[in-house]
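Below: the structure, in structure tokens.
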Amino acid sequence: MIVVKENATKLDMGVVKEGRYLLVPFFTLYMILFLYLPLLPHSVHCQCTKTPIIFNFGDSNSDTGGYADGVGLNFAPPNGRTYFHQPARRLSDGRLMIDFLCESLNTDYLTPYLNSLAPNFTNGVNFAIIGSATLPRYVPFSLFVQVSQFLRFRSRSPALMLNGYKDLVGDEDFENALYTIDIGQNDLAASFNNLTYSQAIERIPSFITEIKNAIWNIYEKGGKKFWVHNTGPLGCLPQKLTLLARNATELDEHGCLQPPNNAAKTFNAQLRVLCEQLRRELINVTIVYVDIYSIKYDLIANASNYGFESPLMACCGNGGPPYNYNANINCGRTGYTVCHEGSKFISWDGVHYTEAANAIFASKILSTHYSTPQLSFNFFCNNM
């Protein structure tokens, strides 16, 4: 079902004002996905001889409920409308990339580490939290804190299983697990709030160092399989375009802000070098670097080829064209508007992506064309 608003007034941008919710068939969404999405490779499914174990570290791009569990709240509608049909503790209208990647391994979605209500960690743990960054190190929930949580889980889980506890991870499974890392976007975003471009660039090595330390700490506890995402095109987010755009000379041919995008490219280049360095330094370790930037930018630059429209405008927000973003009226707050067809929008709320966009991202990840080395989740599945 797609949630739309009953008795709503249609606006020029194709959104509707707040009103009562009405559930209608979401046939249009799946037709678009069928027409424009390559199906997730069937060869990836059902290859594991045992339940795959995934430990995920990151921010809102992969938070499946950690923030909601940590602060004790749920997000308001229309979040979650497309797939879950209700708010699902994710900042999206539906599934995230990590959800689709779990589906490709035929495993359940990852349970947040902070979930205290009958959690099931048999297929891993999600440490990602909305708003997380690599620095400052000791501020919840930085990458350092997430890895510290993992180290505690690493030491306690096998011991608890020996004492009869279930739904945890055994000692031997940590070495065979896949460790996914998707973080850095918030570090760059925060830098542009109060620093010049050159000052923001100067901070990037410190972010990379934190990612290096995280991988080393996991490696020293037996981790051998790492899946590292670079960061996306910040300058294409409706939020950044609304808050930072000063004049047309800062925009590229697709309407994205060049300074934040150039900073993201610099971050990504250094992250790629780090992955190459760690492959040489760590013994019997596989580190896959995934070019998320190119995947996301391609979708924005060629939106019409994928069946999308208004690639730089949020589906859910406030303010109307060109970006429909208002920092004081976020998606779900009084005064927001929401598009009829989230599947035709790339941005959900100005910062995060729609399920339809996330599905394309996941499909391209699984193609291996954006991975160095060109290994897919299928590789890790066959080795679990």
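Residues take their numbers from the sequence shown, with the count starting at 1.
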Any luck finding a side-chain donor-acceptor pair between [X] and [Y] under 3.5 Å?
X: Asp93; Y: Thr82; value: yes
X: Gln374; Y: Ser371; value: no
X: Asn61; Y: Gln185; value: yes

Would a distance-only check, ignoring hydrogens and angles, find a side-chain to backbone donor-acceptor pair under 3.5 Å from [X] to [Y]?
X: Asn115; Y: Thr111; result: no
X: Thr354; Y: Ser347; result: no
X: Asp167; Y: Thr122; result: no
X: Ser367; Y: His369; result: yes
X: Tyr289; Y: Val273; result: no
X: Asn302; Y: Asp298; result: yes
X: Thr231; Y: Gly184; result: no
X: Asn79; Y: Ala76; result: yes
X: Thr64; Y: Leu110; result: yes

Are [X] and [Y] ion-paired here, with the side-chain N under 4.0 Å from a carboxylate O?
X: Asp171; Y: Arg154; value: yes
X: Arg272; Y: Asp291; value: no
X: Asp69; Y: Arg89; value: yes

On the ring face of Phe192, is Lys240 found with NZ or CZ under 6.0 Å from the centre and within 45° of the axis?
-> no

Check Ile215, Val228, Ile211 against Leu278 for a side chain to side chain contact (heavy atoms under 4.5 Å, CB included) and give me the one that passes.
-> Ile215

State which residues pass ring-ring contact (aromatic ring centres under 6.0 Å, His included) with Phe144; sequence neighbours excluded, sorted by chain then number.
-> Tyr138

Looking at residues at least two apart in the chain, or sitting in another chain, which of them share a ring-ring contact (aromatic ring centres under 6.0 Å, His included) with His254?
-> Tyr297

Between Cys339 and Cys316, is the SG-SG gap under 2.5 Å?
-> no

Tightest non-hydrogen contact, residues Asn56 and Ser62, listed as ND2-OG, 2.9 Å

Honestly curious: do [X] and [Y] fall in one hydrophobic cluster under the side-chain, below-4.5 Å linking rule?
X: Leu274; Y: Ile181; result: yes
X: Tyr219; Y: Ile287; result: yes
X: Leu114; Y: Leu151; result: yes
X: Tyr370; Y: Trp227; result: yes

Tyr179: which of Phe55, Trp216, Phe127 passes ring-ring contact (aromatic ring centres under 6.0 Å, His included) = Phe55

Applying ring-ring contact (aromatic ring centres under 6.0 Å, His included) between Tyr353 and each of Trp348, Phe361, Phe100, Phe308, report the one that passes.
-> Phe361

Tell me, do [X] and [Y] make a side-chain contact under 4.5 Å, heavy atoms counted?
X: Cys315; Y: Asp349; result: no
X: Val285; Y: Phe226; result: yes
X: Ile53; Y: Leu178; result: no

Side chain to side chain donor-acceptor pair (under 3.5 Å): which pairs involve residues 278-287, sequence neighbours left out?
-> Gln277-Glu281

Any disulfide bond (SG atoms under 2.5 Å apart) pairs touching residues 192-267, not counting sequence neighbours?
-> Cys236-Cys256

Sequence neighbours left out, what pairs pass disulfide bond (SG atoms under 2.5 Å apart) with at least one residue falling in residues 152-199?
-> none

If a pair satisfies salt bridge (charged side-chain N to carboxylate O under 4.0 Å, His left out) and one of its residues is in residues 133-150, list it, with sequence neighbours excluded.
-> Arg137-Glu210

Proximity of Phe153 and Phe121 rings by center, below 6.0 Å | yes

Is Tyr197 atom OH crowded by more than 12 heavy atoms from other residues, nucleotides or ligands, each under 6.0 Å away?
-> yes

Should the heavy atoms of other residues, nucleotides or ligands under 6.0 Å from OH of Tyr113 be counted, would the total exceed 12?
-> yes

Residue that, paired with Glu355, satisfies side-chain hydrogen bond (donor to acceptor under 3.5 Å, both in side chains) out of Arg81, Arg95, Arg90 = Arg95

Using the ring of each side chain (for Trp, its six-membered ring), is Tyr109 parallel, tilted or perpendicular to Tyr83, with breaks at 30° and 60°?
-> perpendicular

